[in-house]
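Step one of this worksheet: look at the structure below.
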Amino acid sequence: MKIFFSAEYDPAELEPLYEYGEIEIAGWALGLPNLTEEELIARTGDADIIVTTFDDITRAVIENAKNLKLIACTRATPVNIDVTAAKERGIPVLFTPGRNSDATAELTIGLMISIARKIPMAHAALKAGEYTVPPETEKKTKDGLRPDVFWGVGENAPYSVFQGTQLRGKTIGIVGYGSIGRRVGRIARAMGMELLIYDPYVGEIDVEEFGVRKALSLKQLMSESDFVSCHLKVTPETEGCISKEMIACMKPTAYFINASRSAILDEPALVEALRERRIAGAALDVYAKEPIVSNHPYICELDNVVITPHIAGAAEAVMTNHTKMIVGEIRRFINNEKLLYRYV
C-alpha cells in the first residue's frame with residue numbers, strides 16, 4: 001500500500017504508519033510550499049491513501065489516482081478536498097475535529113487579555129524607545145524612604161496611557177458553544193468571569209449553572225457582554241451573523257474577539273465601529289482576505305485592535321493530535337473497523 005503524505009506531522013506518532021506500507025513524505029510535511037495540481041497528479045497516480053493539510057485535492061487529482069481508497073485532511077474542516085468527487089468514487093474523506101481546540105481556546109484568551117490590558121501596545125511603545133531613559137540615568141531615593149519602582153505619574157505616563165480592563169467580574173459572551181467555545185468558557189470561569197452563551201443547538205439544561213447562562217438571542221448576548229468571543233463554523237445560518245446591526249448592540253466598553261472564521265463577520269461594519277469608538281476594541285486572528293492586505297485599517301489606522309496572522313492552531317501539540325488521529329483512522333480503515341473521523 002502506498003501512502004502519499006504531505007501533512008505536517010509528529011515523527012514519533014507517525015512511526016506506526018510505516019507498518020502499513022510505503023510512505024512518500026512530500027510538500028508541507030517537509031516544510032515546502034503547497035504542491036500544485038500538476039505536481040499532485042504526477043506524484044499520486046499510484047497512491048492508495050492521500051494525507052494532506054493544505055494541498056488542494058481536486059477532482060482532477062482524485063480521478064487521476066486510480067488506486068485511491070482513502071483521503072485524509074488534518075484540519076477541522078476539509079475545505080481543500082473535493083468531497084463530491086471523492087464521494088462519487090466511494091472514497092472516504094477523513095478530517096480531524098478538535099485537533100486544535102485547546103490551542104485555539106488558549107489563543108482566544110490570550111487575545112482577550114492582550115486587548116483588554118493593551119499588552120501589545122505597551123510592548124510596541126517600549127521597543128520603540130518610549131517611556132525609557134538613558135542607561136546612565138540614576139534614580140535617587142529621598143532620605144527616610146524606600147526605593148520606589150513607579151514609571152512616573154500624569155496623563156502621559158504608561159500607567160495612564162495603558163490603563164486597561166480587568167477581566168474578573170466581567171461577562172464573556174460566547175457565540176458557539178462547541179469544542180472550542182466550551183474550553184474558552186472553562187478558562188474564563190477560572191479567571192472569575194461570568195459566561196453568557198448563545199448557541200441554538202445547545203439547550204439551557206446543558207449549559208446553565210452558577211455563573212453560566214444561556215442567552216435567548218444573539219442580540220441579547222451582544223448587548224449584555226463585556227467581551228464577545230466567536231467560535232462558529234461557516235454555514236448558511238452563521239455567515240454574516242455578526243452583522244452591523246449586531247455590532248451596534250454592543251456596549252461602548254465592550255470588546256470583540258474572533259479566532260474562528262471571518263465569514264461570520266461584517267468586517268467593514270466592525271472597522272467602522274472601531275474607527276468611531278463605538279466599541280472599546282477588537283482582537284482578531286482571521287480576516288475577510290488572507291493574507292491580510294498591507295493597507296488594511298487594522299494595520300494602518302486603528303489603534304484599538306490586536307491582530308495575529310491566523311495562528312490559533314499553530315501549536316506543536318496540534319501536530320501530535322492530528323497525527324495520532326489520522327494514523328489511528330488508517331489502522332481502522334485497513335482493518336475494516338468503524339471510522340471515527342469520517343467527513344463523508
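Classification of R278 and E272 as a salt-bridged pair holds, one side-chain N sitting under 4.0 Å from a carboxylate O. Taking a cutoff of 4.0 Å between a charged side-chain nitrogen and a carboxylate oxygen, R261 and E239 do not qualify as a salt bridge. In this structure, E194 does not pair ionically with R213, as no charged nitrogen and carboxylate oxygen lie closer than 4.0 Å. Salt-bridge formation is not detected for the pair D266/K244: no Lys NZ or Arg NE/NH1/NH2 atom is positioned less than 4.0 Å from an Asp or Glu carboxylate oxygen. Taking the charged nitrogens against the carboxylate oxygens, K2 and D48 have no contact shorter than 4.0 Å, which rules out a salt bridge.
Using a 4.5 Å cut-off between side-chain heavy atoms of Ile, Leu, Val, Met, Phe, Trp and Tyr, with links allowed through other members, V327 and V51 fall into the same hydrophobic cluster. At a threshold of 4.5 Å between side-chain heavy atoms, the hydrophobic network of Ile, Leu, Val, Met, Phe, Trp and Tyr places L232 and I197 in two separate groups. Residues V161 and Y159 do not share a hydrophobic cluster, defined by chaining ILVMFWY side chains whose heavy atoms lie under 4.5 Å apart. In terms of hydrophobic clustering, with Ile, Leu, Val, Met, Phe, Trp and Tyr side chains grouped at heavy-atom distances under 4.5 Å, V202 and Y198 are assigned to different clusters. Put simply, V344 and I57 are part of the same group of oily side chains (I, L, V, M, F, W, Y) that touch within less than 4.5 Å, one to the next.
Contact annotation: the side chain of L14 approaches that of I25 to within less than 4.5 Å [non-hydrogen atoms, C-beta and beyond]. Using a 4.5 Å cut-off on side-chain heavy atoms (C-beta onward), F256 and L265 make contact. The side-chain heavy atoms of L70 and I330, taken from C-beta on, include a pair separated by under 4.5 Å. Here the side chains of I49 and F5 are not in contact, with every heavy-atom distance at 4.5 Å or above. A 4.5 Å side-chain heavy-atom check between Y298 and L274 finds at least one atom pair inside the cut-off. A heavy-atom distance below 4.5 Å is found between the side chains of D285 and L107.
One finds the NZ atom of K87 at 13.5 Å from the CD1 atom of I62 (value rounded to the nearest 0.5 Å). Atom OG of S262 sits about 9.5 Å away from atom CG of L284, to the nearest 0.5 Å. Within the model, atoms NZ of K170 and CE of M193 stand 8.0 Å from one another, a figure rounded to the nearest 0.5 Å. Taking CD1 of I109 as the reference point, atom CD of E106 lies at 9.5 Å (rounded to 0.5 Å). Between atom CD of residue E15 and atom OG1 of residue T323 there is a gap of 12.0 Å, rounded to the nearest 0.5 Å. Taking CG of L195 as the reference point, atom CZ of R182 lies at 11.0 Å (rounded to 0.5 Å).
For Y341 and F95, the ring centers are positioned 6.0 Å apart or more.
Counting only N and O atoms by type, the side chains of T74 and T96 include no donor and acceptor under 3.5 Å apart. D82 and T58 share no donor-acceptor pair across their side chains, judged by distance under 3.5 Å alone. The closest side-chain donor-acceptor pair between H310 and T308, if any, does not fall under 3.5 angstrom. In this structure, a donor-acceptor pair under 3.5 Å is present between the side chains of T238 and T235. Remark: the H322 side chain and the E13 side chain contain no N/O donor-acceptor pair separated by less than 3.5 Å. Side chains of T165 and Y255: a donor on one and an acceptor on the other come within 3.5 Å. Residues N258 and S260 have side chains that bring a donor and an acceptor to within less than 3.5 angstrom of each other. Checking T53 against E8 by side-chain atom types alone, no donor-acceptor pair falls below 3.5 Å.
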Exercise for review: Take T44 and L68 through the test side chain to side chain contact (heavy atoms under 4.5 Å, CB included) and record every step on the way to the result.
Suggested key: CA-CA 9 Å; T44 62; L68 192 59; over 6 Å; no
Point to revise | Step-by-step side chain to side chain donor-acceptor pair (under 3.5 Å) determination, S294 to H296 | key: CA-CA 6 Å; S294 59; H296 197 289; over 6 Å; no
Point to revise | Derivation of the side chain to side chain donor-acceptor pair (under 3.5 Å) call for E155 and S160 | key: CA-CA 6 Å; E155 63 179 8; S160 301; over 6 Å; no
Exercise for review: Let me see the working for L167 and M112 under side chain to side chain contact (heavy atoms under 4.5 Å, CB included), right down to the final yes or no.
Suggested key: CA-CA 9 Å; L167 274 63; M112 187 166 63; 3.6 Å; yes
Review point. Would M246 and K219 satisfy side chain to side chain contact (heavy atoms under 4.5 Å, CB included), going step by step from the backbone distance to the final call?
Key: CA-CA 6 Å; M246 290 295 107; K219 184 175 182 179; 4.0 Å; yes
Point to revise | From CA spacing to verdict: side chain to side chain contact (heavy atoms under 4.5 Å, CB included), I279, L270 | key: CA-CA 9 Å; I279 62 173; L270 180 64; 3.8 Å; yes
Review point. Yes or no on salt bridge (Lys or Arg N to Asp or Glu O under 4.0 Å) for R342 and E329, after CA distance, side-chain angles and deciding distance?
Key: CA-CA 9 Å; R342 181 168 181 166; E329 282 291 81; over 6 Å; no
Review point. Step by step, would you call S6 with T52 a side chain to side chain donor-acceptor pair (under 3.5 Å)?
Key: CA-CA 5 Å; S6 65; T52 188; 3.0 Å; yes
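Looking only at distances, no side-chain donor or acceptor of E208 sits under 3.5 Å from a matching main-chain atom of I205. At distances below 3.5 Å, at least one donor-acceptor pair connects side-chain atoms of S223 with backbone N or O atoms of Q220. Listed for the D10 side chain is no donor-acceptor partner under 3.5 Å among the backbone atoms of M319. At least one donor-acceptor pair under 3.5 Å links the side chain of T132 to the backbone N or O of G129.
Around CD of E245, the count of heavy atoms belonging to other residues, nucleotides or ligands within 6.0 Å does not exceed 12. The environment of R277 atom CZ is dense: over 12 non-hydrogen atoms of other residues, nucleotides or ligands sit within 6.0 angstrom. Residue F210 places its CZ atom among 12 or fewer non-hydrogen atoms of other residues, nucleotides or ligands, all under 6.0 Å distant. Remark: K251 NZ is packed, more than 12 non-hydrogen atoms of other residues, nucleotides or ligands lying under 6.0 Å away. More than 12 heavy atoms of other residues, nucleotides or ligands sit less than 6.0 Å from atom CD of E209. Within 6.0 Å of CG on L32 lie more than 12 heavy atoms contributed by other residues, nucleotides or ligands. The number of heavy atoms from other shown groups lying within 6.0 Å of CZ (R332) is above 12.
For the pair P297 and R275, the tightest heavy-atom approach, listed with the atom from each and the gap, is CG-NH2, 3.9 Å. Minimum heavy-atom separation, A280 to N304: O-CB, 3.6 Å. I264 and C230 get closest at one heavy-atom pair: CD1-CB, 3.5 Å. Between L35 and A26 the shortest heavy-atom distance is CD1-CB, 4.4 Å. Contact between I174 and G181 at its shortest, heavy atoms only, is CD1-O, 3.6 Å. When all heavy atoms of F54 and N34 are compared, the closest pair comes out as O-ND2, 3.4 Å.
For the pair K139 and F150, the distance from NZ or CZ to the six-membered ring centre is under 6.0 Å and the angle to the ring normal is within 45 degrees.
Relative orientation of the F162 and Y131 rings is perpendicular, given thresholds of 30° and 60° on the angle between their planes.
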